[in-house]
Amino acid sequence: MITAPYWRAPVSVTRVMGWVLLALIPAIVLHVIFFGPVLLAQLLLASVAAVAVEALLLWVRRRPVVSAITDLSALVTAWLLVLALPATVPWWLTLLGIVIAIGVAKQLYGGIGQNPFNPAMVAFAALIVSFPAELSRWPLPTTPVAWQWASFLGTPNVDALASATVLDTLRTAVHSGQAVSELLGRSPVFGTLSGAGYEWIAVAFLAGGLLLWLRGIIPGRLPFAFLLTLGVLSTLAWLVAPERFAPPWVHLFAYSTMLAAFFIITDPVSGVVTPRGQWVFAAGAALLVFLIRHFGQFPDGVAFAVLLMNLAAPWIEMKTQPRVFGEDHP
Amino acid sequence: MRWFSWLTSSAANTLVDPVSGRKLYPIDGGIAFADYHKQETADIPIRNVAMPSHYIVPLRVNPRFTARPIVDIGARVRKGEKIGESEGKFGVAVHAPTSGVIRDLGQYPMTHVSGLPALAYFIEPDGKDEAIEPTPYRGACDDTDRIRDFLQQMGLAGLGGAAFPSHAKVASSPVKTLIINGAECEPWITCDDRLMREHASEIVAGACDLAAAIHAQEILIGIEDNKPQAIAAMQAAAANHGTVTVVAIPTIYPAGGEKQLIERLTGIEVPYGHLSAEFGVLVFNVGTARAVHRALTYGEPLLERVVTLTGAADNPGNRWVRIGHPIAELIPEMAPKPEVDRYLLGGPMTGFAIPDLDAPILKGSNCIIAASPALFPPPPPEQPCIRCGACAPVCPARLEPMELYWFARAQQFGKAQEFHLFDCIECGCCAYVCPAHIPLVDYYRYAKSEIWEREREKSKAQQSKARFEFRNYRLEREKAEKAARAAAKAAETKRRLEAQAQESHAEATASGTNDRDGAASPSAPDANDAAARKKALVEAALARARAKRAAEATEPSGENRE
């Protein structure tokens with residue numbers, strides 16, 4: 001039966017996902033400017049693979065294929081996974097990641113809206129556990145494009161042309177007894193604020209994220225609480241022990257930080273919808289990111305932090321229900 | 001527009017109405033539509049309509065009460081004559097809309113989303129439109145009880161849409177604040193706007209009448225600020241009334257919902273299941289206020305209301321329409337365009353597609369929209385919820401619509417109730433903004449009706465159980481009583497027999513006669529033989545039981561006598 005309301009705002013899931021893709025474009029453009037066109041090949045491969053895997057599994061599950069493909073959600077997952085990985089990972093690794101993200105983390109859980117975990121982060125976590133070396137080699141702005149293509153195509157390559165991320169570099173150095181202040185700016189991985197090249201892509205993520213916030217697609221409190229918590233924690237740690245902890249701007253303008261703040265923790269399906277809960281969710285994710293970055297064994301903590309908070313999301317939601325109209329009145 | 005709403009929302013906390021200088025309180029959620037479609041009808045004066053071929057005057061005045069018909073078929077009635085007597089606490093009287101002949105009393109299609117018929121009079125007008133002698137209210141203006149009874153007799157019911165009986169509201173006095181609702185927040189509808197522009201002084205007079213009746217100290221007239229002419233007209237009318245304040249409130253749907261308006265003007269949140277009068281507030285629609293004034297001062301029962309005719313039509317506008325006017329005969333008034341595929345009653349957010357156009361205009365029928373596929377396109381296919389959360393910030397009741405949807409879909413009705421399903425006012429804001437095009441309100445209505453159904457089943461089962469237990473108790477009691485009666489009777493018989501035996505023994509001894517036979521007493525062949533006496537008693541009891549059983553067998557089953 002068709003009942004009221006007979007009016008609908010001109011909104012759709014396709015439009016929401018389209019805005020997210022659009023908001024990623026500035027970062028992609030900067031990425032191509034700094035590092036060359038390999039990223040575009042990765043995006044193309046991942047997009048085609050994501051749509052193919054999604055369509056196949058929808059067909060197997062006897063679900064409407066066309067309406068699910070045209071909502072663009074598979075493309076969002078694909079692009080986020082590609083941007084979370086180093087642009088020079090071999091093509092088969094990207095493909096594997098897509099199969100895990102779309103096939104396992106999304107469709108096996110019931111498709112869009114049903115996945116308890118962020119699909120891109122599930123794939124990232126699976127890959128970093130399985131292929132830590134490949135995922136630790138990030139290209140530098142100085143890395144020749146030919147080498148990047150060779151890496152993408154899977155030809156054996158030389159490590160020296162790619163490098164760990166800034167945070168990974170610092171962590172390794174601190175573990176081996178060096179002071180942070182001795183390292184900052186002494187290595188080609190460092191730029192002005194954070195990672196060379198990557199810091200500006202982080203700014204582009206920030207710009208894209210602000211666009212999403214202005215369009216009302218993501219709630220501002222999620223990135224705000226995330227960045228605030230991470231900023232406060234890293235500032236405190238840095239003030240207490242500057243030789244052991246990276247300065248806050250290195251954390252905040254790290255590539256993964258801005259990507260997570262505006263595009264990963266803002267995934268509504270695996271996140272929290274209650275306003276108070278979103279503060280808890282984002283702050284908790286930031287705390288875990290900080291802890292894993294400094295005390296964990298992996299190059300970066302975003303994926304694990306987000307997955308852990310995904311686990312806690314239903315509970316957070318339950319405990320942060322807003323006061324209903326007229327409640328607590330006699 | 002995000003930054004804009006962010007700025008205004010922080011400003012809303014210290015909002016002051018520039019018209020009245022009154023502090024306004026923030027309300028939650030809501031939608032500011034880009035186009036309210038009020039300009040189609042708002043500037044056209046209210047007109048009268050031609051008399052229809054017949055009126056269908058329903059006796060069912062609200063979901064719970066049906067008036068008692070008091071006029072026979074074939075009788076001639078005049079305009080304003082009472083034809084239905086109010087029944088029950090929330091019932092109101094029903095009056096003839098014009099002079100004519102009662103042709104029928106039966107089930108007629110009703111202006112309700114279900115389309116279910118209801119008891120109604122079919123009146124054929126004679127065209128003379130003769131009215132009865134009016135009987136204005138003669139009592140004291142603050143005599144709450146008399147005014148309550150008078151309004152009930154005049155058929156007064158809320159003209160805002162819900163048609164809640166006005167006398168029942170008056171009965172819950174005294175209150176501190178009387179609010180007159182001129183917000184008219186739903187798109188397309190302009191009947192209150194027009195009424196305020198054209199009959200402002202009558203509305204203010206009605207508000208003062210009501211305030212006196214319910215002993216209210218202040219009167220607030222809330223009007224959305226997209227109706228500047230109405231605000232100006234009402235201000236002019238209220239100028240000489242010190243207790244009346246006209247308040248312009250921000251235009252946001254559903255600011256005219258009763259609870260939302262109360263919150264906006266007083267900051268009071270009236271919880272689900274409570275009446276606003278408990279918090280010292282009563283709300284009447286502007287149309288109702290005017291009708292109260294007409295009833296008290298001129299003795300006019302509630303016979304007509306303003307109806308907005310709009311949508312895909314060439315001659316839209318507001319009309320004075322009498323209650324009972326068949327909708328099918330009203331539609332030609334607005335000259336609908338050929339592409340119209342259905343007619344909505346009410347606005348696009350809370351209205352419904354009229355299932356049967358033969359149904360009449362009721363007291364709560366505020367607007368008829370000629371709907372075309374271009375104006376109201378069919379909903380896009382429903383997609384899975386992505387929990388984007390767009391529905392939560394627009395909810396005026398601060399609910400989590402996506403959770404309610406989830407529980408309704410999974411038929412977890414208990415959980416839905418835990419998440420305050422019944423606080424939902426079905427304003428439709430969540431469904432309006434849903435990017436997955438989920439008909440959320442439909443899910444809530446479904447869950448509510450399922451819960452009501454289960455409650456009914458449960459109470460039915462409880463009733464049956466109670467009845468069964470009472471029956472068992474009654475049977476036990478009857479058995480015990482029967483046993484006691486039998487024992488008493490046996491003891492009585494025994495005593496009598498003994499007395500008899502003693503007597504006859506004494507007699508025999510005294511007279512010495514020998515003719516003391518069984519003929520003297522069949523139940524005592526030998527008064528001295530106790531065993532034989534006992535046997536006779538048992539036989540007599542058995543005979544009585546047999547007779548009783550035979551009698552019971554011929555009676556209808558015992559169940560029916562309960």
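Quick caveat, the model's predicted, so the values are computed rather than measured. Heavy-atom basis, side chains included; hydrogens, waters and symmetry copies ignored. In what follows, chains are A, B, ... by sequence order, proteins preceding strands, each numbered from 1.
Heavy-atom distances place no part of P393(B) under 4.5 Å from chain A, backbone and side chain included. Heavy atoms closer than 4.5 Å to chain B are found nowhere in T14(A), neither backbone nor side chain. Only the side chain of E403(B) comes within less than 4.5 Å of a heavy atom in chain A; its backbone stays farther off. When heavy atoms are compared at a cutoff of 4.5 Å, H420(B) approaches chain A solely by way of its side chain, counted from C-beta outward. Only the side chain of V441(B) comes within contact range of chain A, with at least one heavy atom under 4.5 Å from a heavy atom of that chain. Interface residue D71(A): only side-chain heavy atoms are found under 4.5 Å from chain B. The contact between I438(B) and chain A is made entirely by backbone atoms, counting heavy-atom distances below 4.5 Å. Both the backbone and the side chain of A397(B) come within contact range of chain A, with heavy atoms under 4.5 Å apart. For V269(A), the parts lying under 4.5 angstrom from a heavy atom of chain B are both the backbone and the side chain. In this structure, no portion of P381(B) lies under 4.5 Å from any heavy atom of chain A. Interface residue D423(B): only side-chain heavy atoms are found under 4.5 Å from chain A.
Summarising the geometry, atom CG belonging to N115(A) is positioned 10.0 Å from atom CZ belonging to R387(B); distances are rounded to the nearest 0.5 Å.
For NZ of K337(B), the number of neighbouring non-hydrogen atoms (other residues, nucleotides, ligands) closer than 6.0 Å is greater than 12. Within a 6.0 Å sphere centred on CZ of F224(A), heavy atoms belonging to other residues, nucleotides or ligands number 12 at most. The environment of CZ in R61(A) is crowded: more than 12 heavy-atom neighbours from other residues, nucleotides or ligands sit within 6.0 Å. Residue Y109(A) qualifies as open at atom OH: its count of foreign heavy atoms under 6.0 Å is 12 or below.
In this structure, R398(B) and V324(A) approach most closely via the heavy-atom pair NH2-O, 3.5 Å. Looking at every heavy atom in both residues, G428(B) comes nearest to P5(A) through O-CG, 3.6 Å. Heavy atoms only, all atoms of each residue included: A436(B) and V13(A) are closest at CA-CG2, 3.8 Å.
Residues F325(A) and Q260(B) meet the side-chain proximity criterion, which asks for heavy atoms closer than 4.5 Å. Using a 4.5 Å cut-off on side-chain heavy atoms (C-beta onward), R323(A) and E269(B) make contact.
Looking only at heavy-atom pairs under 4.5 Å with chain A, the residue among G389(B), P380(B), A431(B), C427(B) that has the most is A431(B). In terms of heavy-atom pairs under 4.5 angstrom with chain A, the leader among V433(B), I31(B), L344(B) is L344(B). Your options are S67(A), P10(A), A68(A), S12(A), and the one with the most heavy-atom pairs under 4.5 Å with chain B is S12(A). With chain A as partner, the option from Q383(B), E426(B), H437(B) having the largest number of non-hydrogen pairs under 4.5 angstrom is H437(B).
With hydrogens and angles ignored, the 3.5 Å screen pairs no side-chain donor or acceptor of R8(A) with any backbone N or O of P379(B).
Ring pair Y432(B)/W7(A) is tilted by interplanar angle, where 30° to 60° counts as tilted.
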